[in-house]
Engineer: 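Just passing along the structure, written as structure tokens.
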Amino acid sequence: MGTNGPVTAATRSFRFPERKWLRCLIFLIALAVIMWAFRFPLLRGLGNFLIHEDDSCRADVIYTLGGSPLDRGVFTALLLQQGCAQRAYCTGENIPGSYKAEGRSVTEAELTRTAAIREGALPTQVLPYPYGTSTWEEAAGVLHHARSIGVDTILLVTTDFHTRRVNKVFEERFEGSGITVLVKAAPSSDYEVDEWYRTEQGLLMVNNEYVKTLYYAITY
């Protein structure tokens, strides 16, 4: 006869949860190993999900959104040189903190325009439109401006990981307007789009975009 005594219902009820937790632990360890093994494709996928741009760039006018003035300004000049449009307007009324510290009231719109001109765009081609402190406000301002100048197709320029949210916001704002909205992604000079997770700026950009995407989904 064994020394452990008979297996009672109470003993079985104690052992079954113990085995269940063991299976859960093994599953979590296996999942962690798989995610680590495929971490780079998963991270690239997280970044690629945020990118939504159109193949065509032909438009009546370009609107370059505020933020990242160097990258967006340089890319705007390139699009103008390629004949995607004849004019560009740079939006954004925010003043970067570094300029505020110097007592200089230079808006994002003016900084983007300066970058585009330095890259070869003609001053008469790129004009400031310092309106909006957020994507939602910029969409309202661009809609009003596009209607006032009577265009049919506009091309938005923004940073790569910003494109999906921009596309969604402008689609909502422009619904029923009769104006076609195209989006192009300006490459970032701070990180490689497929390896954003290797730099601090890339990590901040992707993290902020997911937070903002959630915020916009809840708020708007």
Engineer: Say whether, by atom type as modelled, one donor and one acceptor occur between the side chain of Arg72 and the main chain of Gly66 under 3.5 angstrom.
Structural biologist: yes
Engineer: Compute whether any side-chain donor of one residue and acceptor of the other, for Ser177 and Arg147, lie under 3.5 angstrom apart.
Structural biologist: no
Engineer: Sub-3.5 Å donor-acceptor pair from the side chain of Lys184 to the main-chain atoms of Asp54, do we have one?
Structural biologist: yes
Engineer: Cluster question for you: counting only ILVMFWY and a side-chain heavy-atom cut-off of under 4.5 Å, with indirect links fine, are Phe49 and Tyr216 together?
Structural biologist: no
Engineer: Using the six-membered ring of Tyr191, assess whether NZ or CZ of Arg198 lies under 6.0 Å from its centre and within 45 degrees of the ring axis.
Structural biologist: no
Engineer: Let me check something: do Val151 and Leu155 share a hydrophobic cluster, defined by ILVMFWY side-chain heavy atoms less than 4.5 Å apart, either directly or through other members?
Structural biologist: no
Engineer: Give a yes or no on whether the backbone of Ala185 and the side-chain of Glu53 come within a donor-acceptor separation of less than 3.5 Å.
Structural biologist: yes
Engineer: Describe, in one word, how the ring planes of His145 and Tyr129 are oriented to each other, choosing from parallel (under 30°), tilted (30 to 60°) and perpendicular (over 60°).
Structural biologist: tilted
Engineer: Go through the steps for Thr158 and Thr163 under the test side chain to side chain donor-acceptor pair (under 3.5 Å), then give the verdict.
Structural biologist: CA-CA 6 Å; Thr158 189; Thr163 50; over 6 Å; no
Engineer: Consider side-chain contact (heavy atoms from CB on, under 4.5 Å). Of Thr112, Ile62, Leu127, which one does Tyr89 pass it with?
Structural biologist: Leu127
Engineer: Taking atom types as modelled, find out whether Glu93 and Thr133 have a side-chain donor-acceptor pair closer than 3.5 angstrom.
Structural biologist: no
Engineer: Mind checking the OG-NE2 spacing from Ser188 to His162? Nearest 0.5 Å is all I need.
Structural biologist: 13.5 Å
